[in-house]
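Notes for the one structure printed next.
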Amino acid sequence: MTGATHYHIFDTESGPCGIAWTAAGVLRFQLPAEDAATTRRLLLRHLTDAEPAEPPPAVADAVAGAKRYFAGEPADFTRVPLDLSGQSAFFKDIYAAARNVRWGETTTYGALARDLGAGPEGAREVGQAMAKNPVALIIPCHRVLAAGGRIGGFSAPGGTASKERMLALEGVSFAPPAPAQQSFGF
């Protein structure tokens with residue numbers, strides 16, 4: 001972490017979100033919870049001495065993007081500066097690769113691992129990085145799926161149902177295909 005930590009709680013169409021930052025960039029992002037108090041508690045559970053503040057311009061841009069996102073409008077967070085100082089070098093590489101997955105697109109844990117040149121155990125490490133993602137949405141871990149396009153896990157409030165809702169905002173559906181009509185030859 002670099003310097004003082006500040007945070008801001010804000011409303012979106014999906015509920016209150018929270019964001020915390022240092023001079024280096026966004027440190028944590030809290031996806032919507034049922035109320036502002038829960039959002040604040042979840043955001044601050046790993047932070048000490050964070051103070052509420054109005055966001056500086058780069059963080060305000062991330063807040064505006066989150067509001068657009070939860071209103072169902074495309075939002076690009078690739079330029080949001082991040083403070084990932086507490087993360088391993090490999091997790092930082094995983095997060096950088098995940099940031100390239102755009103609105104309405106998905107990838108898999110295995111595909112990200114292959115892109116990074118990781119061996120067979122790489123998909124598991126990608127999954128661990130996604131589960132520990134401190135800035136969900138900004139690093140779009142919801143767009144990373146299990147093998148075969150299955151939804152996989154999601155450690156944010158609401159679990160996989162939240163992941164499905166977020167992907168639905170982007171036009172990605174997990175509805176089963178309609179059964180084919182069967183002819184009985186009459």
Side-chain angles (χ1 to χ4, degrees), residues 8 10 12-21 24-33 39 42-43 46 55 58-116 118 122-174:
H8 180 68
F10 59 96
T12 72
E13 287 190 28
S14 292
C17 289
I19 193 166
W21 66 93
V26 175
L27 181 66
R28 295 198 68 80
F29 186 87
Q30 181 59 52
L31 292 170
T39 298
L42 292 171
L43 178 70
H46 300 293
V59 177
D61 287 347
V63 168
K67 288 180 178 186
R68 281 192 310 276
Y69 180 88
F70 287 110
E73 300 171 22
D76 179 4
F77 298 99
T78 55
R79 296 176 133 185
V80 174
L82 299 177
D83 181 348
L84 297 175
S85 56
Q87 304 295 322
S88 73
F90 189 56
F91 273 26
K92 287 178 185 178
D93 290 344
I94 292 167
Y95 293 147
R99 285 185 93 179
N100 292 319
V101 183
R102 301 287 182 237
W103 172 276
E105 298 176 355
T106 61
T107 190
T108 64
Y109 303 117
L112 274 183
R114 272 191 311 279
D115 291 349
L116 293 168
R124 187 178 343 261
E125 290 181 74
V126 169
Q128 290 172 355
M130 295 300 104
K132 295 177 181 177
N133 180 2
V135 288
L137 183 61
I138 296 171
I139 296 173
C141 55
H142 64 285
R143 296 178 185 149
V144 184
L145 307 176
R150 291 172 302 150
I151 193 130
F154 200 55
S155 57
T160 57
S162 291
K163 185 174 186 174
E164 267 191 83
R165 281 193 299 276
M166 291 174 71
L167 289 168
L169 285 172
E170 300 181 32
V172 177
S173 173
F174 288 91

Practice problem: For Thr12 and Ala66, work out which heavy atoms get closest and say how close. | Solution: CG2-O, 4.3 Å
Self-check item: Flag side-chain contact, heavy atom, 4.5 Å: Phe70 against Leu31
Solution: yes
Exercise. Could you pull out the closest heavy-atom pair between Leu84 and Lys92, with the gap in Å?
Key: O-CE, 3.0 Å
Practice problem: Compare every heavy atom of Gly104 with every heavy atom of Val172, then report the nearest pair and how far apart it is. | Solution: CG2-O, 3.6 Å
Quiz item: Could you state the interatomic distance from CZ (Phe29) to CG (Asn133), rounded to the nearest 0.5 Å?
Solution: 11.0 Å
Exercise. For residues Pro55 and Ala60, report the shortest heavy-atom separation together with the two atoms involved.
Key: CB-N, 3.7 Å
Quiz prompt | Check: Ala147 main-chain N/O paired with Thr108 side-chain donor or acceptor under 3.5 Å | solution = no
Quiz prompt | Check: Pro134 and His46 side chains under 4.5 Å, non-hydrogen atoms | solution = no
Quiz item: Are the side chain of Tyr95 and the backbone of Ala129 linked by a donor-acceptor contact shorter than 3.5 Å?
Solution: yes
Practice problem: Starting at CG of Leu169, measure out to CD of Glu13 and round the result to the nearest 0.5 Å. | Solution: 9.0 Å
Exercise. Could you label the plane-to-plane angle of the Phe10 and His8 rings as parallel, tilted or perpendicular, counting under 30° as parallel and over 60° as perpendicular?
Key: parallel
Quiz item: What are the two closest heavy atoms between Ala131 and Ser155, and how far apart are they?
Solution: O-OG, 3.0 Å
Exercise. To the nearest 0.5 angstrom, please state how far the CD1 atom of Ile151 sits from the OG1 atom of Thr106.
Key: 10.0 Å
Quiz item: Lys163 side chain to Ala156 main-chain N or O, any donor-acceptor pair under 3.5 Å?
Solution: no
Quiz item: Once you round to the nearest 0.5 Å, how far does CE of Met130 lie from CG of Leu145?
Solution: 11.5 Å
Quiz item: From Phe154 CZ over to Leu167 CG, what is the distance, rounded to the nearest 0.5 angstrom?
Solution: 8.0 Å
Exercise. Start with the C-alpha distance between Val59 and Val26, add both sets of side-chain angles, then the distance that settles side-chain contact (heavy atoms from CB on, under 4.5 Å), and finish with yes or no.
Key: CA-CA 7 Å; Val59 177; Val26 175; 4.2 Å; yes
Quiz item: Which residue pairs satisfy the salt bridge (charged side-chain N to carboxylate O under 4.0 Å, His left out) criterion with at least one member in residues 130-159, sequence neighbours excluded?
Solution: Arg143-Glu170
Quiz item: Aromatic rings Phe77 and Tyr69: how do their planes relate, parallel, tilted or perpendicular, breaks at 30° and 60°?
Solution: tilted
Quiz item: Where do Ala146 and Gly152 come nearest, in terms of heavy atoms and distance?
Solution: CB-CA, 3.9 Å
Quiz item: In Å, rounded to the nearest 0.5 Å, how long is the span from CZ of Arg99 to CG of Leu82?
Solution: 4.0 Å
